[in-house]
Number of protein chains: 2
Amino acid sequence: MPQQRRAQLTRRAILAAAAEEFDTTGYDGTTLNAVLRRSGITKGAFYFHFPSKEAVAEELVAHYRQRLAGLRHRWSTPGDDALSVATGLTAELAAELERDVMTRAGMWLAHRRPEEVDAWRRSLAELLTSAVHGRLLRADADPAATARVVHAALLGACAMSVEGLADHVAEIWRVVLAGAKPARM
Amino acid sequence: MPQQRRAQLTRRAILAAAAEEFDTTGYDGTTLNAVLRRSGITKGAFYFHFPSKEAVAEELVAHYRQRLAGLRHRWSTPGDDALSVATGLTAELAAELERDVMTRAGMWLAHRRPEEVDAWRRSLAELLTSAVHGRLLRADADPAATARVVHAALLGACAMSVEGLADHVAEIWRVVLAGAKPARM
């Protein structure tokens, strides 16, 4: 195996093992030794790739941020209505959180960082504002508040159970949008 | 100090220290030694009161359960409408979660236990069902789904920031009830 490829695999194995540990034990409770044990990687190899546990966490947050940006990009097909984008994007995020421990660990690391939380909420609020402009939501709907509640409920649902998260997210939108959609003709 | 009183204080100190540790490091990441260090209590004294870390967690969950039952009892004054009870009770719970680490730790320990989660949701759904019967909510409102979303959003908001939780909970109700309240005359 070429050396560069092997280095990439090692780096990836460290990130995956750390994500598993953070996901079950929490970031503060995770020791470097636990990550080494789970990944089967030596301390020397670890320090070749990362200076510290904090640096691994940084990269998992970056991974989560990239996944969000990727979803946002893929769901920005011209012609799609903003409300379908908001609900579709969060449904896909929920499905990814169900199956990908790295994205999940990244989300939990990000959720205590005000700038990450704000970016997520703002992105969702922008979509909901577009939906108000497009008359998909009532003029008196509150995009910023709605985005905060959807975000909090997604996080809380994920904390309770990763399984069935996509269904839970569909229910969140159903409840939250019940009053925000214009009355049927 | 009478011996019984001293024993009570020791027991309380163990619970408070464990709650602080669980709250910052998570249950899985908390060692018995960390609890002993924080409480300044010897291992012998600890084992006089509790057989294990698990037993301390059990008691914190019981504390949380009792606080919920206490709130539910105090908010059951005849004449109060069910919707005011639901919103008032959760606002008071949020205020308590902001200031009391034992209740907070109890909630986080309880949130992975389906029977505790179900009891909480059911209690809230019952109030919302009464509100539907009392025409405070629309006949087509979904009390069970609404209760699940409010509960998840409360948990998620608490995970992000304990500070300002009561305001966050008021916003959750405002968003969630926007579509559930009957149209104004």
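Sequence lines set the chain letters: A, B, ... in the order given, protein chains first and strands last, and positions in each chain run from 1.
Using a 4.5 Å cut-off on side-chain heavy atoms (C-beta onward), B:Gln3 and B:Arg6 make contact.
The choice from A:Gly26, A:Gly29, A:Pro114, A:Ala152 that makes the most heavy-atom pairs within less than 4.5 Å of chain B is A:Ala152. Note: B:Glu171 leads B:His151, B:Arg113, B:Glu171, B:Arg112 in heavy-atom pairs under 4.5 Å with chain A. Contact tally against chain B (heavy-atom pairs below 4.5 Å) for A:Leu154, A:Val117, A:Thr25: the top residue is A:Thr25.
Between B:Asp142 and A:Arg174, at least one side-chain N (NZ, or NE/NH1/NH2) sits under 4.0 Å from a carboxylate O, which counts as a salt bridge. A salt bridge does not link B:Glu98 with B:Arg104: none of the charged nitrogens is closer than 4.0 Å to a carboxylate oxygen.
The contact between B:Thr24 and chain A is made entirely by backbone atoms, counting heavy-atom distances below 4.5 Å. With a threshold of 4.5 angstrom between heavy atoms, A:Thr30 does not approach chain B through any atom at all.
One side chain, B:Thr103 or B:His63, offers a donor N or O that lies under 3.5 Å from an acceptor on the other.
The side chain to side chain contact (heavy atoms under 4.5 Å, CB included) check on B:Ala55 picks up B:Phe50, B:Pro51, B:Ser52, with sequence neighbours excluded.
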